[in-house]
Amino acid sequence: MSFIEERARALVERYSMKEVRIPVLERTQLYLRSTGETTDIVEKQMYTFTDRDEGETIVALRPEGTPGVVRAYIEAGSDRTDPEQRLFYSGPMFRRERPQKGRYRQFFQFGVEVFGRPDAACDAELLIMTDELCRGLKVPFTMEINSVGDPKCRPAFREALVQWGRAHWDQLCDDCHNRIDRNPLRLLDCKIDAKLAESAPNSLDYLCDECRTHFATAKELLTAANVQFVVNPRMVRGLDYYTRTAFEVMAGGLGAQSTVVAGGRYDGLVEAMGGAAVAGIGFAIGVDRMALALQAAGLASAAAPDAAIIAIGPAATRHAMVVARNLRAANLNVEMFSPERKMKTLLARASKIGARFAVIIGDDELARGVVQLRDLRQSAQREISEAEAARVIVEARKE
Ligand code: ATP
Ligand code: MG
């Protein structure tokens, strides 16, 4: 998990973004207004309760980051004085879910929000950034993009979905029956029967000229930057405030919970929350799911130690402490093993945790100022000086 967060942090710095720390606890009202009362999150997933203050304020554990970031942005007056902002956040989110693989009640997101940039170049830049992150992590992934239109053209798409939903009433689940009038876009987000949506109206057929041009430009810029993507005209975000570009990154090996990054444009949100009419766009990385994807792809061994230290006897153990410290000072990942276990057990453990080398020190080695350096990949062992061992281990790390 922290490996992914560190990568994301290094990435956002190269994209000139500043950190914003948002509260874990907010007024529930914030999410009703921004996430939207007809979304899954607000309808059934929010942990919300009454505080015992005088006003009996109703508060919620944050289910997502965007509303808190927008609130902070407006409260700081940025929407009026300095609207163009590039921000990121990181931390736990809470949703009342049915826990399963890749779906937890407390999970971690790393998110990015850019304000004051209505142009398609900004959409492209964030998608390029997402692509760079996933490539850097070496996780196999596919990126899907779509445009969900804007307040001008979406009503016609929405209406078409309502008509389609009514025509397929008998095939829809109970949740979808509720969605038809409240939030018909979410008919496409149904987890129960994803196949049915294939016959549903396609958002791209309803785009107005401005939205069409915006989407075409974004795609053109992505292609110019060598980013591979698939257009999925039936992908929508479950949240109300998205406009135009929506996107998701799917990673293999995760089954139903395969979406590891999700985001899109939300040009109406700042104004809807009482700020100026400022464009916005962002995405969130599902850090837990990304970690599962790395594991599934066999890429999770990044933290395997360079060396396991095995000392035999009290005097060698004292010296081994210094050897371990010196290796760590050379930036190596070192694990000091228990001096109270048998050599055979310790060597088996060194292999099991994926250590590259074992550094073995007994009284004899101590007396002669050497160590036994065992290469666990080649099962070869040799006697060398401590300094020489450090050099060999550092070299092996660069391979
Ligand atoms: P899903 O359709 O899987 O429920 P969502 O639309 O609710 O996802 P978003 O609100 O867009 O998800 O959140 C962005 C990302 O955060 C998701 O793509 C996913 O990687 C991650 N995420 C969302 N909910 C959870 C959860 N309960 N546990 C773990 N990760 C989650
Ligand atoms: Mg969800």
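Keep in mind that this is a model prediction, so the values were computed, not measured. Position 1 is the first residue of the sequence, and the numbers go up from there. Counting starts at 1 for both ligands and their atoms, following the listed order.
Neither the backbone nor the side chain of Met93 comes within contact range of ligand 1; no heavy atom lies under 4.0 Å.
Not a single heavy atom of Gln257 sits less than 4.0 Å from an atom of ligand 1. Residue-ligand proximity: Asp288 is placed with every non-hydrogen atom at 4.0 Å or more from ligand 1. Heavy atoms of Arg289 approach ligand 1 to within less than 4.0 angstrom.
Within 6.0 Å of CZ on Arg234 lie more than 12 heavy atoms contributed by other residues, nucleotides or ligands.
Checking Phe107, Phe110, Phe108, Phe94 against atom 26 (C) of ligand 1, the nearest heavy atom belongs to Phe107.
His168 places a side-chain N or O within 3.5 Å of a backbone atom of Trp164 that can act as its donor or acceptor partner. Listed for the Arg212 side chain is a donor-acceptor partner under 3.5 Å among the backbone atoms of Leu207. In terms of modelled atom types and a separation under 3.5 Å, the side chain of Arg7 and the main chain of Leu133 share no donor-acceptor contact.
Annotation for ligand 1: atoms under 4.0 Å from non-hydrogen atoms of Val260 are 20 (O). Contact atoms of ligand 1 toward Gly286: 16 (O), 20 (O), 21 (C) (distance under 4.0 Å to a heavy atom of the residue). Atom numbering of ligand 1 starts at 1 in the shown order; those under 4.0 Å from a heavy atom of Glu97 are 24 (N), 26 (C), 27 (N).
With hydrogens and angles left out, the side-chain atoms of Gln45 and Glu97 include a donor and acceptor closer than 3.5 Å.
Relative orientation of the Tyr73 and Phe115 rings is parallel, given thresholds of 30° and 60° on the angle between their planes.
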